[in-house]
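Handing you this structure, nothing more for now.
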Amino acid sequence: MAAQLFEKMQFSLVYQKYMIPVSNAVINMIVSYVKEKTNEQPLDLALDVGCGTGRYTLPLAPHFKKVLGIDISDSQINVAKQNNTASNVSYMVAAAEKLPIKDDSVDLVNAGLAVHWFILDDFAGEVARVLKKNGCLALHGFHPSWEIKYKDLSQDLSKTISEVWDTLCQYAEETSNHVLTQYQNIYEAVTLKDKEWITDIPVTITMSISEILGFFQSVYMFQILLEKDVKEAEELIIETERRLRDILGEEADSVRLDVHMKHYCVLACKH
């Protein structure tokens with residue numbers, strides 16, 4: 001069901017607008033890893049698999065001669081093309097399990113918030129096929145546990161957000177277990193021998209109330225709830241906003257909250 005949601009244009013537009021941006025710390029970690037493994041050689045091609053609307057594709061553009069984003073969803077790719085701001089980035093519809101790329105031609109295969117949707121064995125075979133010698137794989141995401149820091153209101157704010165996650169996780173599909181374990185099973189499934197697993201990468205972003213509410217609507221579990229019960233989904237957003245406003249009082253409209261979260265990354269190199 002979740003895979004079908006990504007085909008819907010309305011969801012793709014919400015995803016593009018509100019999904020949190022890729023962590024600069026994670027991008028820098030990936031690029032440093034690739035440069036180390038390739039001995040600082042020029043980087044020709046990065047492939048962003050399951051690229052969605054391109055939010056995790058564009059940050060790769062400054063580091064590679066070309067970046068190709070692929071996704072199985074037509075609507076996600078259409079939104080990515082509409083929002084493309086880099087001349088060396090292109091997009092196409094394709095499956096992670098059948099990459100439209102020549103053998104031994106890619107410096108980096110990247111998948112942000114995506115690999116848990118793939119058929120892992122088939123994807124792993126394709127990664128091994130398309131990577132150059134010393135080419136790299138990066139698989140990353142963030143854990144759905146947030147801590148909100150703001151004055152002496154942190155505990156109440158964090159509790160409110162945690163309860164929203166608890167509600168949404170009731171609609172999670174089995175693939176989301178990979179996210180909850182910070183990709184431990186995916187790390188173990190990677191067939192490249194030279195690999196590492198980095199967890200609990202601390203990342204802080206600042207968000208307004210409206211951005212937090214928008215983010216939750218960009219999560220696929222909310223979209224599943226919306227399809228099952230529109231009224232319940234709408235009430236979840238309305239009630240969350242009310243609770244946050246009650247906690248913050250007069251500051252609610254102007255405040256930007258520090259949201260602390262944990263990212264994680266699997267890195268590997270083909271030899």
Side-chain angles (χ1 to χ4, degrees), residues 1-22 26-27 30-31 34 38 42-133 135-141 175 186 190-192 218 220 223 265-268 270:
M1 183 175 186
Q4 297 172 353
L5 291 171
F6 287 95
E7 292 289 347
K8 296 188 174 184
M9 179 56 73
Q10 185 58 41
F11 179 40
S12 294
L13 292 171
V14 171
Y15 189 92
Q16 167 63 20
K17 184 175 181 179
Y18 289 115
M19 178 53 63
I20 63 172
V22 68
V26 173
I27 288 292
I30 292 169
V31 172
V34 176
T38 57
L43 301 175
D44 294 320
L45 177 61
L47 180 63
D48 189 22
V49 185
C51 68
T53 62
R55 291 179 63 93
Y56 284 27
T57 315
L58 290 173
L60 297 172
H63 307 287
F64 295 84
K65 185 176 180 180
K66 292 183 180 180
V67 181
L68 174 62
I70 69 166
D71 198 282
I72 197 66
S73 165
D74 285 287
S75 71
Q76 296 264 312
I77 289 295
N78 285 336
V79 173
K81 289 179 177 179
Q82 292 167 15
N83 289 275
N84 190 4
T85 57
S87 60
N88 64 330
V89 172
S90 59
Y91 296 99
M92 67 184 299
V93 175
E97 299 81 12
K98 193 173 182 180
L99 300 175
I101 300 292
K102 296 179 181 178
D103 296 0
D104 307 311
S105 62
V106 177
D107 294 292
L108 170 68
V109 174
N110 178 74
L113 289 179
V115 70
H116 49 281
W117 297 111
F118 304 163
I119 300 172
L120 291 179
D121 289 346
D122 293 348
F123 173 63
E126 284 292 86
V127 168
R129 178 181 68 80
V130 303
L131 282 179
K132 297 177 180 176
K133 182 179 180 181
C136 298
L137 172 67
L139 313 170
H140 51 99
T175 56
I186 288 173
V190 169
T191 55
L192 300 175
S218 77
Y220 85 88
Q223 297 295 321
C265 187
V266 174
L267 297 170
K270 174 184 174 181

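Heads up: numbering here begins at 1 and tracks the sequence. For clarity, every value in this text was computed on a predicted model and none was experimentally measured.
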For Gln16, which residues count as a side-chain contact (heavy atoms from CB on, under 4.5 Å) partner, sequence neighbours excluded? Thr53, Arg55, Val79, Asn83

To the closest 0.5 Å, what do you measure between CG (Leu13) and OG (Ser218)? 12.0 Å

Under the side-chain contact (heavy atoms from CB on, under 4.5 Å) rule, collect the residues that match up with Ala96, sequence neighbours excluded. Val49, Phe118, Phe123

Return the set of residues passing side chain to side chain donor-acceptor pair (under 3.5 Å) with Asp71 (not counting sequence neighbours), or none when no residue passes. none

Under the side chain to side chain donor-acceptor pair (under 3.5 Å) test, residues paired with Asp104 that sit two or more places apart: Lys270

Applying ring pair (Phe, Tyr, Trp, His ring centres under 6.0 Å), which residue pairs with at least one partner in residues 43-73 are found, sequence neighbours left out? Tyr56-His140

So which pairs with a foot in residues 86-102 pass side-chain hydrogen bond (donor to acceptor under 3.5 Å, both in side chains), sequence neighbours left out? none

Salt bridge (Lys or Arg N to Asp or Glu O under 4.0 Å) contacts in which one or both residues fall within residues 106-128, not counting sequence neighbours: Asp107-Lys132, Glu126-Arg129

For Pro59 and Pro62, the nearest pair of non-hydrogen atoms, with its separation, is O-CD, 3.3 Å

Can you tell if the side chain of Val106 reaches within under 4.5 Å of the side chain of Val109, non-hydrogen atoms only? yes

Side chain to side chain donor-acceptor pair (under 3.5 Å) partners of His116, counting only residues at least two apart: Tyr183

Side chains of Asp48 and Leu108: does their closest heavy-atom pair fall under 4.5 Å? no

What is the minimum heavy-atom distance between Cys51 and Gly69, and which atoms define it? SG-C, 3.5 Å

Roughly how far, to the nearest 0.5 Å, is the CD1 atom of Ile30 from the CG atom of Asn110? 5.0 Å

Heavy-atom closest pair (Leu113 atom, Gly141 atom, distance to 0.1 Å) is CD2-CA, 3.7 Å

Are any of the side-chain heavy atoms of Val93 and Ile70 separated by less than 4.5 Å? no

Look up atom CD1 in Ile101 and atom CG in Leu45, then write down how far apart they are to the nearest 0.5 Å. 5.5 Å

Nearest 0.5 Å please: distance from the CD atom of Gln223 over to the CD atom of Gln10. 8.0 Å

Determine whether Cys136 and Leu131 make a side-chain contact, defined as any pair of heavy atoms from C-beta on separated by less than 4.5 Å. no

Would you say Leu60 and Ile27 make side-chain contact, with heavy atoms under 4.5 Å? yes

Val266 and its side-chain contact (heavy atoms from CB on, under 4.5 Å) partner, picked from Leu139, Leu192, Val115: Leu139

Run the side-chain contact (heavy atoms from CB on, under 4.5 Å) test against Lys65 and tell me which residues pass, sequence neighbours left out. Asp44

Separation between OH of Tyr15 and OG of Ser75, rounded to the nearest 0.5 Å: 11.5 Å

With side chains defined as the heavy atoms from C-beta onward, is the minimum distance between Ile77 and Met92 less than 4.5 Å? no

